[in-house]
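Just so it is clear, the values below take in all heavy atoms, side chains as well, and ignore hydrogens, waters and symmetry mates.
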Amino acid sequence: MAATSIAAFGLVAPQASAFATPKASGVTLLPEANSETRGIAAADPQAVQEMATLCGSGYSLTYAERLPDASRLGTLFTYKNGAGASCAVFDNNSGFTKYMKLKLCENSPGQPCVTDEGNFSKYAGPIRVKKGFCATVTAIMKDSKSSRIALIDRTLAVPPCD
């Protein structure tokens with residue numbers, strides 16, 4: 001997948017006002033976005049904008065998380081649009097090609113999940129589902145597909161979710 005690498009953007013301490021920066025970057029945040037998401041958006045609005053551009057127009061940031069922790073080997077981004085669709089992108093911040101798997105599943109029985117997996121130096125995704133309310137997203141990163149140990153293994157319900 002072709003995209004400008006955002007690995008060159010280092011971690012920056014979150015700014016005092018996490019609300020103004022994302023708006024200035026052209027990406028809006030849903031009101032339900034948590035404080036960690038707002039901090040990531042304030043610290044790296046360029047990355048938030050770049051990942052949103054991959055999803056397409058009309059998407060607002062719902063969730064962002066540095067994975068596996070503040071060391072940030074990867075960053076998981078989820079976005080929603082006005083029609084209720086969700087989009088997910090898993091950014092590779094390691095600086096190396098890694099096996100990555102990103103899976104997004106609608107919160108509807110019988111609906112297939114959407115998956116993007118392979119060896120990526122930049123990101124996995126974007127992947128989208130039409131019914132994004134409380135969809136489940138899984139982000140996995142390993143040194144190789146056959147590695148037994150995951151560097152990142154995160155599954156969560158895409159906010160907002162009751």
Side-chain angles (χ1 to χ4, degrees), residues 1-15 18 21-22 25-29 33-81 85-106 111-130 132 135-159:
M1 299 189 163
T4 305
S5 173
I6 65 169
F9 301 111
L11 288 175
V12 179
Q15 299 172 6
T21 304
S25 74
V27 175
T28 57
L29 283 98
N34 65 20
S35 60
E36 180 180 7
T37 298
R38 291 179 186 283
I40 290 169
D44 202 348
Q46 216 165 352
V48 171
Q49 174 63 45
E50 188 170 331
M51 297 297 112
T53 300
L54 294 171
C55 288
S57 64
Y59 280 88
S60 299
L61 182 64
T62 57
Y63 185 79
E65 182 180 5
R66 292 181 178 115
L67 297 170
D69 49 37
S71 66
R72 196 177 99 167
L73 293 174
T75 307
L76 176 62
F77 294 95
T78 64
Y79 298 85
K80 285 205 173 150
N81 70 14
S86 283
C87 175
V89 184
F90 184 20
D91 191 16
N92 179 348
N93 307 122
S94 73
F96 301 96
T97 298
K98 299 288 184 186
Y99 169 78
M100 299 172 71
K101 180 176 182 179
L102 180 63
K103 182 169 75 168
L104 187 59
C105 304
E106 288 185 9
Q111 294 299 316
C113 296
V114 180
T115 304
D116 188 23
E117 66 180 308
N119 295 313
F120 300 108
S121 62
K122 297 179 183 177
Y123 55 84
I127 55 176
R128 297 169 197 81
V129 294
K130 290 182 181 181
T136 301
V137 63
T138 301
I140 297 170
M141 177 187 280
K142 300 192 290 185
D143 284 325
S144 68
K145 186 173 184 173
S146 62
S147 294
R148 292 180 184 235
I149 298 172
L151 303 169
I152 296 171
D153 188 352
R154 178 77 165 113
T155 300
L156 66 115
V158 177

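Between T138 and T155 the shortest heavy-atom distance is OG1-OG1, 3.2 Å. Nearest heavy atoms, A42 versus P45: O-CD, 3.5 Å. Nearest heavy-atom pair across V48 and A41 is CG2-CA, 3.7 Å. In plain terms, the two heavy atoms of C105 and K103 that are nearest each other are SG-CG, 3.9 Å. Of all non-hydrogen atoms in G125 and L102, the two that sit nearest each other are CA-CD2, 4.1 Å. The minimum heavy-atom distance between S86 and L104, with the atom names listed, is O-CD2, 3.8 Å.
Going from atom CZ of R66 over to atom CD of E36 covers 7.0 Å, rounded to the nearest 0.5 Å. For the atom pair CG (L54) and CD1 (I127), the distance works out to 12.5 Å, reported to the nearest 0.5 Å. Atom CD1 of residue I140 and atom NZ of residue K101 lie 5.5 Å apart, to the nearest 0.5 angstrom. Remark: L61 CG to T78 OG1 distance equals 6.5 Å, nearest 0.5 Å.
Side-chain N or O atoms of T136 include none that pairs as donor or acceptor with a backbone N or O of L156 at under 3.5 Å. Judged by distance alone, with hydrogens and angles left aside, the side-chain atoms of R38 form a donor-acceptor pair with the main-chain N or O of A33 at under 3.5 Å. With hydrogens and angles disregarded, a donor-acceptor distance shorter than 3.5 Å links the side chain of R128 to the backbone of C55. Of the possible polar contacts, none joining the N81 side chain to the Y59 backbone as a donor-acceptor pair under 3.5 Å is found.
With sequence neighbours excluded, no residue forms a side-chain hydrogen bond (donor to acceptor under 3.5 Å, both in side chains) with E106. Under the side chain to side chain contact (heavy atoms under 4.5 Å, CB included) criterion, S144 pairs with S146, S147, not counting sequence neighbours. The salt bridge (Lys or Arg N to Asp or Glu O under 4.0 Å) search around D143 returns K98, not counting sequence neighbours. Qualifying side-chain hydrogen bond (donor to acceptor under 3.5 Å, both in side chains) partners for K80, counting only residues two or more places apart in sequence or in other chains: none. In this structure, S57 has no side-chain hydrogen bond (donor to acceptor under 3.5 Å, both in side chains) partners at least two apart in sequence or on a different chain. Shown here are the side-chain hydrogen bond (donor to acceptor under 3.5 Å, both in side chains) partners of N34, two or more places apart in sequence or in another chain: T37.
A side-chain contact (heavy atoms from CB on, under 4.5 Å) with D44 is found for one member of Q49, R72, E50 and no other, namely R72.
The closest side-chain heavy-atom distance from N92 to Y123 is not below 4.5 Å. For the pair E117/Y99, a side-chain contact is recorded, criterion being any heavy-atom separation below 4.5 Å from C-beta on. By the 4.5 Å heavy-atom criterion applied to side chains, M51 and Y79 are counted as neighbours. You'll find the side chain of P68 reaches within 4.5 Å of the side chain of L73, heavy atoms only. You'll find the side chain of T62 stays beyond 4.5 Å of the side chain of F77, heavy atoms only.
Judged by distance alone, the side chains of T75 and N93 do bring a donor and an acceptor atom under 3.5 Å apart.
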